[in-house]
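Convention: sequence-line order gives letters A, B, ...; per-chain numbering from 1.
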Amino acid sequence: MYDHKKIEQKWQKDWEEKNLYKTGEDKSKEKYYVLDMFPYPSGAGLHVGHPKGYIATDILARMKMMQGYNVLHPMGWDAFGLPAENFAIKNKTHPRKMNEKNIATFKNQLKKIGFTYDWGREINTTDPKFYKWTQWTFLQMFKKGLAYESHEPINWCPNCQTGLANEDLEGGKCERCGSEIEQKPMRQWVLKITDYADRLLKDLDKLPDWEDSIKEMQRNWIGKSVGSKIIFKVVANNNDGRIDNVNIKESQHFSQNNAESTQNNAEKNKVGDFLFEDLTYKIRGAMFNVRKKIGLGHKESVYHKALEIEFEKQGLSFESEKRIDIKYEDEKIGVYQPDFVVENKVLIELKALPKIGKQQLNQVWTYLKGSDYKLALLVNFSSSDLEIKRMVYDSARNQINSAFSALSQRGSATSLEVFTTRPDTLFGCTFMVIAPEHPLIENLKDKIENYDEIKKYQEQAKKKTEMERTELNKEKTGVRVKGIMAINPVIAKTLSQSQTDADYTQNYAEENFLHGSASSQRSSATSAEVPIFVADYVMMGYGTGAIMAVPAHDERDYAFASQKNAERTQNDAEIKIRPVVLKKDNKARSVLMGTKNITENDLKNIGVEIVEKKKDRYHIFIPFDKIEEYKKLIREKMENHFWNEFYTGENFYFIFKHKDGKIEEFELNSDTNDQIDIYGMTFNDEKPKEKPENVYNWLAENDFYKELFLSAEEGIAINSDFLNGLPTKKAKEKMIEWLEEKGLGKRATNYKLKDWVFSRQRYWGEPIPVVHCEKCGVVAVPEKDLPVTLPEVESYEPTGTGESPLANIDEWVNTTCPKCKGPAKRETNTMPQWAGSSWYYLRYIDPHNDKALVDKEKEKYWSPVDFYVGGAEHATRHLIYARFWHKFLYDIGVVNYEEPFTKLRHVGLIMAEDGRKMSKRWGNVINPDDIVEEYGADAMRVYEMFMGPFSQSCAWSTNGLIGARKFIEKIVALFEKVSDEKSDEEIQRELHKTIKKVSQDIDEFKFNTAIAQMMILVNKMTSAKKINKEDYKLFLQILGPFAPHISEELWQKVGEEKSIFLSAWPKYDESLVKEEKVLIVVQVNGKVRAKLEVNADINEEELKKIAFANENVKKWLEGKEIKKIIFIKGKILSIVV
RNA sequence: GCCUGGGUGGUGGAAUUGGUAUACACGAGAGACUUAAAAUCUCUUGGAGGCAACUCCGUGCGGGUUCAAGUCCCGCCCCAGGCACCA
């Protein structure tokens, strides 16, 4: 009898006592690192789905062990996180206690399944010895400017009382508790993962052994799109239109952000006042003069030169090539080069964003404050509140930017910056849309005539839940921003084509932009002026929060424009829909008139497809290769005094037939208007010559041609001045060149990936190792003082004010500044759960090292992970975070390889028998302990691997499990047949075939077919009389990884003393694997007519003889002529008659 | 809407990448052993026709390529996962 309990306990004990799975230190052996995604030790314990992946890696690890590899197969605990903390809140116990208990349960459960884990390398992310290195890495990022404080609004879960990263949302809701997420402005630590976006994307190509689906998910998540940024100027249509006189308000999120905003208002105003005093006033004066003299639309270098002249006039000393080394703790961490340093005090940027990245501003600011260089705008300002200082700096920056923005040509009070992937459609931009949260609204508050209406819309948009946003998918809402207009730069510029650039600058820019009015009387500028709308279909979080809307070539813009046009009252101007791309189609088409002499058959005979027949016209498709024939037909048979135009796939072709039958034909091009005019044709009662776009616009109005003109697909540029005739790709390039040359835009790449919001306002996480010092700002905790451990607290409850419970522990919060030894406060935010899991796999390599995160030599040997297995739900979080973290460690020289995981496979879920997810809620959870108890760990292992393809989810079936159990019982029963006699040849052949298949299938994670093959073998062995002992042993060895306990038991019973897992993996005998006899199929006209068993190496002639002799084949060949015979060796003989 | 998989017996699933469709397992049916049941063993098991040899039909639907299509191409339908007004 097979007593699984006794056998499994016996061997588990034996393996542990003999330390069988301790990872070898023999570095002469080739290494193999197999890794499972480590679990979060939840209170619910394991269900049968969890071990599926662990069983798979265990099988792989055991085989690799037997194949002579030095195998690392570790396990640990991802133990920070909310469930433990919530439990702690409820029960007033330390989360650690809960963790310890759960880990004990998990470990106990895992051990019963018989895994090869080396528990000597167990790790736990909540262990200070572990998280010391999580903190250490954070500090390295901080020093490099990759960890920075941000005040941007972030995702806030009101239920979990913490901020969340984008990756932590599921359909706009908290992934953990399902609460609706709010956008809350607050101070956050953020990791600059976007700096790595391009590498994270590109290096996916270096991972051929990752599943394509997961790579694709990552690509989508990173969401790279290439295009350009374009500046649209904004003009007001009241008074003199001088928008730069508008008082720039504090940017919106600052006022919201500041909890004590009222009491700080006075301070803030002071800053504002200061900006316009003295020095700043002089600088602004210089700037105004420059603009007045040379106007807009020049390259940056031109303004540089002009400003230099003006600075000199104002008597200001300045440097323009000043490079300032930014240091942190005497270590140079970067260089900051402002555009100008005026009077050694004011740092001036011509751009909205300084040359340094945004993340580094923090460091620059900290450094400048403590250096000889003074950021003059802050010199006279004293406040002890760090937050205010920060705001002042940022606000000062905004002030400079705003003041200079007209020069800098970047998004600001007087201009709108957009991102687009289709710069080639710029001529088709007929309105602009900004997100409800766009700062322009506040900045131009005084110029906007319907400010109240817009405010109201903002409120509505805010209230809309994500659900509503998606449900009302098609229904677009929005409000026109009255009182201001944007200028389509390319139309503005090309309208004044005849003028020289200087003329343009003088006349057009001065008149229309500086004193511009949006009144429609000015004919030359009107088509360049486009209305601005606020609509929630534009997101503040993507791109610049503003778009150039091209209704002809963007579905959303089209929907919005149609909606607005339908709603519009008499006072509102219609939104124009201007096609600027003619779609590339795969068939020519035409609306054919003048058909008195043309029959349907005439058309059909030359291959023309009639789509629709109307009274006086046909809508037809013409295959490209029939165009010449079609032209001939038209010339011959179309009535006089008609013309026919047809789309050629790239353009339109015209054939005119005059009253006297004279024919003229030409392709539509820029001269066409003149030609058409000569024939006296009119379109919509307008002579085309006066309106260049009219031919296209007229064609576009025809329903049959419409889709060619209103499409987001690529095609040929039309109605686009210097782009006309260019295919989309080339048109994009040319437009970008043009924009860059004129300083109105530039090539740009945009990512969906956002920086990683890295702080949580909760207790149970790694403390962020920095202190806030009144004098020195944000200071890193020195490495020697790591780890910063979590203090004991009485209440784990989040404060709800956006601060973590740690903020209440005065004796922990209050500390001294490592730099100046003055009083300072500890950072009270903690890290998210994903921090530890971003690098834990490195720690297994060297788990007890207290000098380094990992020893470099050891890392070189063991890394990268050869095979990584875990759930697909981590595709866009853990796996992106870990790759980012790893690349950073690579950059600072901690690790030797750029990618952490060579091969990745995701494990499919095991569903409950009812097809639902296993969950306490449904009461359908199956506990592995019960299965192990009743059927044995081996049966469970075999069953879970046999269920189906590894990566596919599959419902649990206890019946299926019984099948696996029977399979093992059969193997046990086989022992009775073991003898010294030779096995039958058939058995030997099947055995070696099985060895081959199992070895291959394990490597490819095709466990189900490996087991099926073993079942075939076992069935054959069962029906045999005797099995040779050595053959039986070979089988036990390949069975071992799947069912280790029973294999070890039988291995011992058959007389072996050392563990089966120390034996060498069997090699198959090539000669036995080769089939001697094969079944060849004889087909007649594709139908199987006979199956012949013949020698495998039979040649065609011999086979034909046998085949033709076959009765059934004969029958089918009788009286027929053989046309062709196809012979594929060892497979098929196909006869065609 | 977009991206990625997938659709094969009563069920889970095989099919060397274009070459015997339904391996292996479960379930079901029949039989053997048994006083009986369980367990075990043997046989049958895609559908239709036929005593049989055998024949016809059959891999979501409709076309196509090929001597040959579950597999390749074109057009749809459905299911799962991911993303989602991403400019």
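As rounded to whole Å, 10 Å separates atom C1' of B:rG81 from atom NZ of A:Lys917. Per the geometry, NZ belonging to A:Lys966 stands 13 Å off P belonging to B:rA38, to the nearest Å. Taking atom CZ of A:Phe431 as the reference point, atom P of B:rA87 lies 16 Å away to the nearest angstrom. Straight-line distance from the CG atom of A:Asn1085 to the P atom of B:rG19: 20 Å, rounded to whole Å. Residue A:Arg219 contributes atom CZ, which lies 17 Å from atom P of B:rC83 at whole-angstrom precision. Residue A:Glu1100 contributes atom CD, which lies 19 Å from atom P of B:rG19 at whole-angstrom precision. Atom P of nucleotide B:rC26 and atom OH of A:Tyr935 are separated by 13 Å, given to the nearest angstrom. Protein atom CD of A:Glu713 is 11 Å distant from nucleotide atom P of B:rC2, rounded to whole Å.
In the set B:rC83, B:rC24, B:rC85, B:rC85 carries the atom at the smallest distance from any side-chain atom of A:Asp536. The side chain of A:Met1015 has B:rA25 as its nearest neighbour among B:rC67, B:rA25, B:rG13. Distance from the side chain of A:Lys1091 is smallest for B:rU20 among the nucleotides B:rU20, B:rG13, B:rA25. The listed nucleotides are B:rC85, B:rU4, B:rG19; the one nearest the side chain of A:Ser213 is B:rU4. The side chain of A:Val1081 approaches B:rU20 more closely than any other nucleotide in the set B:rU20, B:rC24, B:rG13. Which of B:rC41, B:rC24, B:rA14 sits closest to the side chain of A:Lys970 comes down to B:rC41. The A:Ser1134 side chain lies nearest to B:rG19 when the options are B:rC24, B:rG19, B:rC41.
Using a 4.0 Å heavy-atom distance criterion, A:Asn750 is classed as making no nucleic acid contact. Residue contacts shown for A:Gly963 are limited to sugar-phosphate atoms, with no base heavy atom under 4.0 Å away. Nucleic acid contact for A:Ser225: sugar-phosphate only, since backbone atoms but no base atoms lie under 4.0 Å from a heavy atom of the residue. Nucleic acid contact for A:Leu1079: base, since at least one base atom lies under 4.0 Å from a heavy atom of the residue. Using a 4.0 Å heavy-atom distance criterion, A:Asn959 is classed as a sugar-phosphate-only contact. Nucleic acid contact for A:Gln1083: base, since at least one base atom lies under 4.0 Å from a heavy atom of the residue.
Taking the O4'-C1'-N9-C4 or O4'-C1'-N1-C2 dihedral as appropriate, B:rU55 has a value more than 90° from 0 and is therefore anti. Glycosidic conformation, B:rG58: anti, with the torsion outside 90° of 0.
Relative to the six-membered ring of A:Phe950, A:Lys52 meets both conditions, a distance below 6.0 Å and an angle of at most 45° to the axis.
Put simply, A:Lys1124 has a side-chain N or O that comes within less than 4.0 Å of OP1 or OP2 on B:rC67. One finds no side-chain N or O of A:Asn1008 lying less than 4.0 angstrom from the OP1 or OP2 phosphate oxygen of B:rA23. Put simply, A:Gln1013 has no side-chain N or O that comes within less than 4.0 Å of OP1 or OP2 on B:rC24.
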Given protein heavy atoms under 4.0 Å, the one-letter contact record of nucleotides 48-60 of chain B, with B base, S sugar-phosphate only and - none, is simply ------SSSS---

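A salt bridge links A:Glu567 to A:Lys564: one of the charged nitrogens lies within less than 4.0 Å of a carboxylate oxygen. Using a cutoff of 4.0 Å between basic side-chain nitrogens and carboxylate oxygens, A:Arg219 and A:Asp212 are not scored as salt-bridged. A salt bridge does not link A:Glu986 to A:Arg989: none of the charged nitrogens lies less than 4.0 Å from a carboxylate oxygen.
A distance of about 7 Å separates the C1' atoms of B:rU71 and B:rG18, rounded to the whole Å. Comparing the C1' positions of B:rA68 and B:rG75 gives an interatomic distance of 24 Å, to the nearest angstrom. Atom P of B:rG63 sits at a distance of 24 Å from the matching atom of B:rG19, rounded to the whole Å. Using atom C1' as the reference point in both B:rA37 and B:rU20, the two lie 43 Å apart (nearest Å).
Counting distance only, with no hydrogens placed and no angle test, the side-chain atoms of A:Lys1123 and the base atoms of B:rC67 include no donor-acceptor pair under 3.5 Å.
Under 3.5 Å, the side chains of A:Trp221 and A:Glu167 contain a donor-acceptor pair of N or O atoms.
We find the CG-CD1 distance between A:Leu1017 and A:Ile987 to be 6.5 Å, quoted to the nearest 0.5 Å.
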Please test A:Tyr751 against A:Leu200 for side-chain contact (heavy atoms from CB on, under 4.5 Å), starting from the C-alpha separation and ending with a verdict.
-> CA-CA 12 Å; A:Tyr751 297 94; A:Leu200 288 169; over 6 Å; no

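Judged by distance alone, the side chain of A:Glu211 and the main-chain N or O of A:His906 form a donor-acceptor pair under 3.5 Å. Within the 3.5 Å criterion, the main-chain N or O of A:Lys576 finds a donor-acceptor partner in the side chain of A:Thr430.
Separation of the A:Phe533 and A:Phe560 ring centroids falls under the 6.0 Å cut-off.
When each of A:Glu216 and A:Ile1011 is assigned the nucleotide of RNA chain B bearing its nearest heavy atom, the one mapping closer to the 5' terminus is A:Glu216.
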